[in-house]
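Structure record follows, encoded as structure tokens.
Bear in mind that the values here come from a model prediction, so they are computed numbers and not experimental data.
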Amino acid sequence: SFCTLLCFFKIIFSLKKIVYKKIMSLELQGDNFTHIIRLLNTNVDGKRKVAYALRMIKGLGVRFSFLICKKAGIDHQRRAGSLSPAEVEKISDIIADPLKYKIPSWFINRQRDIKNGKTEHLTSNTVDIKLREDLERMKKMYMHRGIRHALGLRVRGQHTCNVGRRSKHLEALFKK
């Protein structure tokens, strides 16, 4: 009787897996499902859930992606490939101007920019451009951080006497 009971449970669990796989495959295979979405010059994987797919865009993290889904009124459990073009447009509008959608300024990655004083959220290649500009500005002003960046030394107060020798040693070997 124990063996029959065990076989019965195995059959039930295998049926649940089959039903679950069929549901998942049906969910992914819609008529308007796109496997790759182009959003802010980045290819976003359509098979992932929306909040985690938005992380592929440089400058967006998990918390900001969940907040974008909430402001756009999109269920974060949906797959990114099932989004309509209007929803994709809404997401790109929120990313472009998050303050307009009442996202707090402390959530934004570039607060009070030095050149124009504006608070804006940087994405994709503008993150790299602003970082390069900041480093060049620090080097021109001979700030401590700029000098350390220019010399290729540790910037954030780490110990350098005994630690981190390997990379400098390898650079010296490759320069020969």
Side-chain angles (χ1 to χ4, degrees), residues 34 36-81 83-175:
T34 52
I36 296 175
I37 299 169
R38 191 78 176 157
L39 187 64
L40 296 174
N41 297 328
T42 308
N43 293 333
V44 176
D45 188 11
K47 295 177 223 162
R48 293 185 178 199
K49 293 183 180 177
V50 177
Y52 295 103
L54 289 176
R55 285 188 319 170
M56 299 176 93
I57 300 169
K58 190 166 189 171
L60 299 183
V62 178
R63 293 182 67 214
F64 196 71
S65 299
F66 273 100
L67 189 61
I68 289 170
C69 291
K70 186 177 178 183
K71 294 292 183 182
I74 298 169
D75 182 23
H76 61 84
Q77 293 293 330
R78 283 177 58 190
R79 303 286 169 178
L83 294 174
S84 67
E87 290 172 330
V88 173
E89 187 67 30
K90 176 93 171 173
I91 288 172
S92 63
D93 287 343
I94 293 172
I95 293 170
D97 192 11
L99 294 174
K100 187 170 82 174
Y101 291 91
K102 297 181 180 172
I103 292 176
S105 61
W106 53 264
F107 221 98
I108 295 172
N109 63 6
R110 185 79 172 179
Q111 299 170 14
R112 295 183 305 277
D113 189 18
I114 290 175
K115 287 189 176 179
N116 56 15
K118 293 181 181 177
T119 298
E120 58 187 358
H121 196 81
L122 305 178
T123 54
S124 61
N125 59 350
T126 55
V127 175
D128 297 329
I129 292 168
K130 290 289 185 179
L131 177 66
R132 197 174 321 114
E133 286 176 1
D134 289 343
L135 292 178
E136 289 301 319
R137 180 181 49 81
M138 284 189 256
K139 288 175 190 175
K140 279 183 185 176
M141 292 172 59
Y142 292 105
M143 291 175 66
H144 184 260
R145 278 179 61 192
I147 294 168
R148 303 286 290 187
H149 273 294
L151 295 175
L153 299 172
R154 302 272 174 104
V155 177
R156 297 187 176 178
Q158 298 97 323
H159 291 277
T160 55
C161 184
N162 295 326
V163 183
R165 295 182 181 186
R166 181 172 176 215
S167 62
K168 297 296 173 194
H169 177 66
L170 288 177
E171 284 178 11
L173 286 176
F174 288 122
K175 284 182 182 176

Apply side chain to side chain contact (heavy atoms under 4.5 Å, CB included) to R137 and K115, showing your working.
CA-CA 11 Å; R137 180 181 49 81; K115 287 189 176 179; over 6 Å; no

With sequence neighbours left out, what residues match H149 under ring pair (Phe, Tyr, Trp, His ring centres under 6.0 Å)?
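H149: no ring pair (Phe, Tyr, Trp, His ring centres under 6.0 Å) contacts found.
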
Residues that Y52 engages under ring pair (Phe, Tyr, Trp, His ring centres under 6.0 Å), provided they are two or more places apart:
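Here the qualifying residues are F66.
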
Applying side-chain hydrogen bond (donor to acceptor under 3.5 Å, both in side chains), can you list everything that pairs with [X], at least two apart in sequence or on another chain?
X: N162; answer: R165
X: N43; answer: R38
X: K49; answer: Q77

Around K70, counting heavy atoms of other residues, nucleotides and ligands shown, do more than 12 lie under 6.0 Å from its NZ?
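Counting other residues, nucleotides and ligands, NZ of K70 stays at 12 neighbours or fewer.
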
Listing request: all ring-ring contact (aromatic ring centres under 6.0 Å, His included) pairs with a residue in residues 113-146, at least two apart in sequence or in separate chains.
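Found F64-H121.
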
What heavy-atom pair brings [X] and [Y] nearest, and what distance separates the two atoms?
X: D45; Y: A80; value: O-CB, 3.7 Å
X: Q111; Y: S105; value: NE2-O, 3.0 Å
X: L83; Y: I74; value: CD2-CG2, 3.8 Å
X: D75; Y: V50; value: O-CG2, 4.3 Å
X: M56; Y: T42; value: O-CG2, 3.6 Å
X: S65; Y: L54; value: OG-CB, 3.5 Å

Do any pairs count as a salt bridge (charged side-chain N to carboxylate O under 4.0 Å, His left out) and have a residue in [range], sequence neighbours left out, and if so which ones?
range: residues 98-111; result: R110-D113, R110-D134
range: residues 56-67; result: K58-D128
range: residues 140-153; result: none

Separation between [atom1] of [X] and [atom2] of [Y], rounded to the nearest 0.5 Å:
X: I147; Y: M141; atom1: CD1; atom2: CE; answer: 11.0 Å
X: N109; Y: L122; atom1: CG; atom2: CG; answer: 4.5 Å
X: E87; Y: C69; atom1: CD; atom2: SG; answer: 10.0 Å
X: I94; Y: I103; atom1: CD1; atom2: CD1; answer: 6.5 Å

Going by the rule side chain to side chain contact (heavy atoms under 4.5 Å, CB included), which residues pair with [X] if we only count those two or more places apart in sequence or in a different chain?
X: T34; answer: I37
X: L40; answer: I57, I95, T123
X: P104; answer: W106, F107

Would a 4.5 Å heavy-atom cut-off, applied to side chains only, mark [X] and [Y] as touching?
X: R154; Y: R156; result: no
X: N125; Y: N41; result: no
X: E120; Y: K130; result: yes

